Each structure stands twice: as structure tokens, then as C-alpha cells.
Protein chains: 2
Amino acid sequence: MTKRRSDRANSLDVARLAGVSIAAVSRAFTPGSSISDELAEKVRRAARQLNYVPNSLASSLITRQTNIVALMLPRMSNPIYAAMLAEVSRRLEELNKQVLLFTPSDESDFDRSLGRMLEYQVDAIVIAAATISNRMAALCLDRNVPVVMLGRHVPGLPVHSVRPNARDGGTRAAELLLRGGGRRFGIVAGPSSLTTMVERQRAVVDRLQAAPDASVVAIVDGGLTYEGGYEAALAIMDRADRPDSVVCMTDIMALGAMDAIRHRLSLRIPDDVAIIGFDDIAEAAHASYSLTTVKTPLVEMVGHMIDLIAMPETDAAPRIVEIDAELVVRRSTRAAHPAAQ
Amino acid sequence: MTKRRSDRANSLDVARLAGVSIAAVSRAFTPGSSISDELAEKVRRAARQLNYVPNSLASSLITRQTNIVALMLPRMSNPIYAAMLAEVSRRLEELNKQVLLFTPSDESDFDRSLGRMLEYQVDAIVIAAATISNRMAALCLDRNVPVVMLGRHVPGLPVHSVRPNARDGGTRAAELLLRGGGRRFGIVAGPSSLTTMVERQRAVVDRLQAAPDASVVAIVDGGLTYEGGYEAALAIMDRADRPDSVVCMTDIMALGAMDAIRHRLSLRIPDDVAIIGFDDIAEAAHASYSLTTVKTPLVEMVGHMIDLIAMPETDAAPRIVEIDAELVVRRSTRAAHPAAQ
DNA sequence: CTCGACTATGTAAAGGTATACAAGGCCCGG
DNA sequence: CCGGGCCTTGTATACCTTTACATAGTCGAG
């Protein structure tokens, strides 16, 4: 005698049991609606008796609001994305909204994920560490679904974006290393397909090239993973003019680089080699690493994202919010070098 | 001239433009339904022209299937939960299902989150690192929504559960340390409110007490965080009969303990102190830690979870799946001690 | 006592789709 | 040439709720 799903009570069942109209049931479950306390109480009693739970699908069909925000978040391997997700979810739940998660494994899945988001009638779409095709962006715009890109900006795309000021962060990272006496620089790069990584690297390189006696002696892709950072550091350090400073485009690669430098090459950090990363993931603060890094200001970014998706529906120009980078100085970099001052 | 949401095309609009019935539109977007290729193509052309996207809310209202699975996941601070989420999401998306995330900050929010899950008519509920009240469990059962607890089991609750064999894992961890010559043991505990932590600890302590010359000299709560593990280790090691082995109930606390022992107390691992953890988070494999640990078999756990929520609807007894623990031996523990053999 | 302004309640339509059922077309065997 | 079976298409109802509108009731002011 399996209980079938259609045995679930609906508002009509509740209305009948309570001896009221179906509208009364709806109002009893809608805070602030015009209903007397007695009637509301009568409805709630009947509802409890029938194990009634309002069907928010039916409700959303009418109100055109699901209280669901889609989040596209690929490559969960990097802890910064987990932190981003946690913050996004936390802030949205404060507003009684939920995150519907999409983790496409491949760029070819992006459009399919976006399509499914629209089918679910989500109230907004947040895209982290991924991009969106022009076609889908236009479709979202047409349907009046706000889209916010978190952490990067693609010029010309009609979507909002919130991102840290990579140029500023990269510049300050480079300057810190220069002040610490750095002259020969290695770079552990991210994939060139990610604009965020390219911007960070460009900012760092630009500032280094502006220094008369500094030079970038090696750039190796670290593939955005710990292992990739480890290998990249080995490749970078294996040369006659060994770098005295290494900039990693993400912390997770920086951790790999530090471990390679210390445990494989037996060099000291920061004495032999100074290291700096980007993101400020939790592990960067661990005593084993104590990594100096350019922080990705998640809390502020998500705060602005919330504001953007709450904006009144207009087809106004997409907003670009840029947040100042904060340099978190720890012990993987040298203090100001006397000679450099 | 803001475009209103009601301007979104629906299946009737598409049907009219294509000169077909509304049923044809539905069939054109339902793979495997009875429709000729020409008609389907005609519908798709019209749909594209109108930027039509099927409304899965309306569809779910009828099919009673949302392809949404709710995941309750508090305390995202521990990386193991992020890994769990990634695996759950990955596997579900393979089946064209999506994760609706709930991250209640407080035990008092559990019931409210569960209630909202039911309102969204989710196909199943997965609960990680949290529990569910008897009342809500009964409600889910009544509505035929499968509930799977991931990582723990609460006796008497009418829900499925999938979990590692904590007893086996704890026993093997203890034995490894004993073989390595451990005699005085410290334990960094988790909150006693989490049955998982209690089970792990009980297994470890039981095995240690079965060894004639071993003793547990200190048990300190590490609060499930890196910082907590750090402080707990300091407390544990600050005594005359300093432990020669420390068991931490989670890896994240073990990392804190290792850092405290090495960088604050300047002791060697594993020579002065052997350390072992639980979970096998990614950082445990980093060269800076190389932490021996009892692995939480996420892939297998999620695989079983998928099977459970796909089971035909019955009110059969809830299943309990227990998975063997795997001990991942790295360099934070000593090899078998000659004297112990 | 009456009218107007409110509040509380009910009625009915709308929101977008899936599907049972009926109907039409076609082919093939007899 | 006819009937049965199959495939395609359309019609109409069902899914569950919100809300505009109408109605009935309450209360105070004039």
C-alpha cells in the first residue's frame, strides 16, 4: 500500500477541512495578507492535520518569482570557489532565496546550463569563474533575468560584473617584491583562456618591466592546481639565473610552488625565494605557508552582487563594479630591502 | 519601455506562430514523444524565433518531478564538505538533476530549511553533516520524498543513510599508531553533538584501551577548525607526560595541530609526535603536511546515495549503507616500530 | 438612522504545460 | 475493396496556487 504522491494534500483539501474558501488558505500562508487571526488559525490547524505544505511551484507560476538564484561554478577544485559559494549562499538565504547550483565540467556545457537555468525560471543568474555566450546573454536580457559575473568582466557583454581590481592588486604585489629586493622574477601563470588570470599577470608584468633593474626570467603555466604549481615552480627554478621571487596567479598554485621550493629544492622562503599569490584562501594563513597574497574580497563582491540582482527591472546599461584589492602581507615575502629604499 | 516578464513567449504563442497545436509544442520539447520530424522542426523554428524557453515549473506541476535534489550542508568551513558538494553536484548533473543548496547556520534553522525543500517539491533530500527532526522525517516519509543522510546515521530515524565505517577506520588508525611505537595518546576531539565525531573517537579510544601499555592522556575539543586544532594541540602537548601520538577527528584540525607542534613547539613530526587525521582532504596530501589519515570515501558514498534516491517509491525500511574505511598512510606517522613487533 | 470607508471573505480566472482520449491518415493483408 | 493496426495530431482537462473583483459585514461620523 504505497502512498502515492497525489495523496499530498492541496489547498482545496485544507479549505474543505477548515470549512473555508481556498483563498483563505492562500492568505493564511502569505504573511501580511488580509485575514483575521481566527480564520488563519483555523486554516493552520487543518493544514497541520493534513500535513499540508504549500506548493511553491504553483505559487511561482503566478507570482513570477521563484526565490531561486542560479549559480554557475565550474572547477570546484580551487578552494576560493568553495568560499565564494558559501558566501553567496549565506547572503541569499538571509533574503529567503536559495542557490540552484550548476557545475558544468566543460565550456561546451555552459550554454546548456544557462538554458536549464532559464527553464527553472530563476530570479537571477550568477556566474563565477566562467563566461557566457553572447547569444545566451541576449536571451537573459530579453527575458529580464539579471546576470552577474563574479570575479571577471568580459567587455561588450550585456551583463553586470563585480570584480576585484586586478591591475591595482598586481601592481602592489610587484612593488612589494621589488621593495623586498626582488630582481629576477618567475611567474606561475593560469590558463590564458581566463581573463582574470591574464589581467593579473599583465598587471604584475607591467609593473616589473617599469623597474629598471628587474626582469621576468620565466613564465610557466600552473594549470590552476596545487600539483601544477608544484611542477611549474620546479621548472621555473631549474635555471642558472634562478629567480629570487615568484608570483603565482592563484594561491592554490602558490602552495604547490612553496612546497616544491622548500621540500624538493630545499630552499628557504622568503630568504632564497619570495613568494606571493592571489586570492587569500584559508590555507594561505596556515602557519606552514603564511603566504603573502592579494586578497579576493569575497564579502564585498557578494554584497555588490546582491545589490545588482535586487535592482529594479530595467534595461539600463550593465553595471561594472570594481573593488580595491587588499594586499595581505605574511611571511612568504621579505620586508623592505634597505638598498631598495 | 521596460520589457515585462509576461512578454515571455509561452507554448501557445509558439503553437500559433507555427500553426500547430499546443500539444505539438510540448512534444517537440519532450524527447521520445510521438511527433514527426517535420513537425518538430517547424515548432523549433518558431520557438527560436520567439526566444521560447519551456517553463519547467509548469511542467513539474503536472509530472510531479522537478529534477531538483535539495542538499543541506552546514558549516562549509571544512573543505571536506566542499568536496562532498562537488561530488554530489557532479553526479546529479550527469542525471540531469540539479542541486538546490541549503546552508542553515544554526540547528534551529534545520526544520525551516526542510520545510522550504518540501515547498519546492524537490525529488529527494540529501543531508550532510546535519540531522533531521523526527517530525520532519515523518513528514518527508508521508510525502514520499526520499531522504539520505550522508556521513552519519541516527538510529530510529526513518531515513536512508550512507556512511563510512567509523569503527573500522578508528581501529585501524589506532593500530597504526600503536605499531609505530605510540604509547601516550592525545586526542583532538570534535563537538560531542556530532555522532560522527563521537563514533570515530570511541573507536580510537576503544582500541587504545585494549592495548596493555597505551593510555590516552588528554582529550581536547578542537571545534572542527584549523585554529581550534592548533590551540587544542598546544593544550594537549603542554604536560609532563607529553603524548607521542595525536589523533584528530578531522583533517582540518589535524593541520592546525601539526602547525602548532612544528612551528610553535618546534617538535618533529613524526619523530617526536605522530599525527593522524580523518577525512583525507586535499591539503592532507600537500608536501608541507603529508598527513596520514582515515579517508572518507566520498565517491563511493555519493554513488550509493544516487542509488538510494533512485529507488522505486516504497515505504520499505530505510537502508543503511556502510562503507569500509581506507587508511591513507603518509609521512606524519612512524613506520612499524621494531619493539612493537 | 444613513452613508461612506474599511476589513474580512469568497468567487472565478489565470499562470504554462503534460497527457488521456479521440480522431484522422496510412499501410497492409485478406 | 475493406478492416485492423499503427503513427501522428489535436482537444480538453488537470496540476495548485494567487489575486482582481465582488460581496458582506463593521463602525463611526454626521
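Residue numbers begin at 1 in each chain, while the letters A, B, ... track the order of the sequences. Because the structure is a prediction, the values reported are computed rather than measured.
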[X] [atom1] - [N] [atom2] separation (whole Å):
X: A:E119; N: C:dT17; atom1: CD; atom2: P; value: 10 Å
X: B:I62; N: C:dA18; atom1: CD1; atom2: P; value: 6 Å
X: A:R16; N: C:dG10; atom1: CZ; atom2: P; value: 14 Å
X: B:Q121; N: D:dC16; atom1: CD; atom2: P; value: 9 Å
X: B:Q65; N: C:dT17; atom1: CD; atom2: P; value: 18 Å

Exercise. Of all the nucleotides listed (C:dT19, C:dT9, D:dT17), which has the minimum atom distance to the side chain of A:R27?
Worked result: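 Of the candidates, C:dT9 comes closest.
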Exercise. Have A:S56 and B:Q121 got a donor and an acceptor in their side chains that come within less than 3.5 Å?
Worked result: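 There is no such pair between these side chains.
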Problem set entry | Donor-acceptor side-chain pairing of A:Q65 and A:S60 below 3.5 angstrom |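 No, no side-chain donor-acceptor pair sits under 3.5 Å.
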Any carboxylate oxygen within less than 4.0 angstrom of a Lys/Arg side-chain nitrogen, looking at [X] and [Y]?
X: A:K42; Y: A:E38; value: no
X: A:E199; Y: A:R152; value: no
X: A:R45; Y: A:E41; value: yes

For this session: With a 4.0 Å heavy-atom cut-off, tell me which residues in residues 35-61 of chain B come close to DNA chain D, sorted by residue number.
Result: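 The answer is B:I35, B:S36, B:L39, B:L61.
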Would you tell me if any nitrogen or oxygen in the side chain of [X] comes within less than 4.0 Å of OP1 or OP2 on [N]?
X: A:R64; N: D:dT18; result: no
X: A:S11; N: D:dC16; result: no
X: A:T63; N: D:dT18; result: no
X: B:S21; N: D:dT9; result: no

Problem set entry | Five-pair end axes of the helix from C:dC1-D:dG30 to C:dG30-D:dC1, angle between them (10°) |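 Comparing the first five pairs with the last five, the axes sit 40° apart.
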Check residues 19-32 of chain A and write down every donor-acceptor pair under 3.5 Å in which the side-chain atom is one partner and the other belongs to a residue at least two apart or another chain.
unit_1	atom_1	unit_2	atom_2	d
A:S21	OG	A:A23	N	3.3
A:S21	OG	A:A24	N	3.3
A:T30	OG1	A:S26	O	2.8

For this session: Scan B:A24 against the nucleic acid and name what it touches under 4.0 Å (heavy atoms): base, sugar-phosphate only, or nothing.
Result: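 Sugar-phosphate: the residue B:A24, judged by heavy atoms under 4.0 Å, touches backbone atoms but no base.
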For this session: Mind checking A:V25 for me? I need base, sugar-phosphate or nothing, with any heavy atom below 4.0 Å counting as a touch.
Result: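 No contact.
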